[in-house]
Amino acid sequence: MATTINTLRSMKKSGEKFTCLTAYDSTFAHVASASGVDVLLVGDSLGMVLQGHDSTVPVTMEDMIYHTQCVKNGNQGALIMADMPFMSYATPEQAMENAALLMQAGAHMVKLEGGDWLCETIALLGERGIPVCGHLGLTPQSVNKLGGYRVQGREDAQANMMIEHARAMSDSGADVILVECIPSALGTKLTQALDCPVIGIGAGKETDGQVLVLHDMLGITPGKTAKFVKNFLQNGRSISEAITAYVAEVKSGEFPGNEHGFE
Ligand code: KIV
């Protein structure tokens, strides 16, 4: 059966963890969704992973539309979430126009980075039938403003503000909140504070779902990987066995371990 936003809501209620992996093409979308991944994220991380840029800032709407179409063609029933790229949602009207293009390309939900300034946009998209995931914490499109890829929300004031922003986005109709690179304790607080499903990456083990970048969890990303990454392509596993192991470890609570989280 296909995964929908209702599936994720039920999983949050029942306490069953759900899994998300990035996918950028048809073959990996097929393998990941057939291996039990619930959500395929057409992440703008493709700017770094596929295109070799040093940030996601250069990614365009054309790139995202193309890769969303590719993922849709291979998908076996996962929910497809597509990133809206840098500056494609600077105003609510611009967001609606560009989100519509991603939905027509095959997305079931769009993801936007930012805080409560997005509330009007989230409400508008929701009214027009477009589900939204709000991305908080480390928001890679703002790397130049943040001054690097760093853990966010370590100070109380920043952590409380993040919870307030997440609540405001959820109250405006955000269907999912994704949090990246925050202390594990804050990941737990946010998950408990929100009615909508929360997906974490480097946000501890208590979020409702987990996401990783596909190339990171296959251990093929060049250079040093982040603390929250685990290489599942070990012990002679095939790619589909590695993805199946990721799904099993998230569901059982084995991944992420305490060593993958931040204080
Ligand atoms: O673009 C992406 O892959 C993402 C994940 C890091 C969550 O947004």
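These numbers come from the heavy atoms of this one structure, side chains and all, not from hydrogens, waters or symmetry mates. Indexing begins at 1, ligand by ligand and atom by atom, following the structure's order.
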Check the surroundings of atom [atom1] in [X]: do more than 12 heavy atoms from other residues, nucleotides or ligands lie under 6.0 Å from it?
X	atom1	value
Lys13	NZ	no
Asn231	CG	yes
Met96	CE	yes

Check: What's the shortest heavy-atom distance between Leu138 and Gly148, and which atoms?
Finding: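 Looking at all heavy atoms of both residues, the shortest contact is CD1-O, 4.3 Å.
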
Could you see which bit of [X] sits under 4.0 Å from ligand 1, with heavy atoms only: side chain, backbone, both or neither?
X	value
Asp44	both
Leu46	neither
Thr56	neither

Check: When the ring planes of Phe262 and Phe228 are compared, do they come out parallel, tilted or perpendicular, using 30° and 60° as the limits?
Finding: perpendicular

Margin query: For Trp117 and Tyr89, take the angle between the two ring planes, folded into 0 to 90°, and tell me which bin it lands in: parallel under 30, tilted 30 to 60, perpendicular over 60.
Written below: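 It falls in the parallel class, under 30°.
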
Check: Can an N or O of Lys111 be found at a distance shorter than 3.5 Å from an N or O of ligand 1?
Finding: yes

Next item on the list: Examine Glu180 against ligand 1 and note whether any of their N/O atoms are separated by less than 3.5 Å.
Entry: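 N/O-N/O distance under 3.5 Å: no.
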
Number the atoms of ligand 1 from 1 as they appear, then name those within less than 4.0 Å of a heavy atom of [X], with their elements.
X	result
Ser45	1 (O), 2 (C), 3 (O)
His135	8 (O)
Thr22	3 (O)
Gly43	1 (O), 2 (C), 3 (O)
Asp83	1 (O), 2 (C), 8 (O)

Notebook entry, point to check: Can you tell me which residue and heavy atom of the protein come closest to atom 4 (C) of ligand 1, and the distance to 0.1 Å?
Noted result: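 Atom 4 (C) of ligand 1 sits closest to the protein heavy atom Leu41 CD2, 3.6 Å.
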
Note to self: Distance check, rounded to the nearest 0.5 Å: Ile177 atom CD1 versus Met169 atom CE?
What the structure shows: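 These two atoms lie 4.5 Å from each other.
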
Check: Does any N or O in the side chain of Gln141 come within less than 3.5 Å of the main-chain N or O of Gly114, such that one atom is a donor and the other an acceptor?
Finding: no

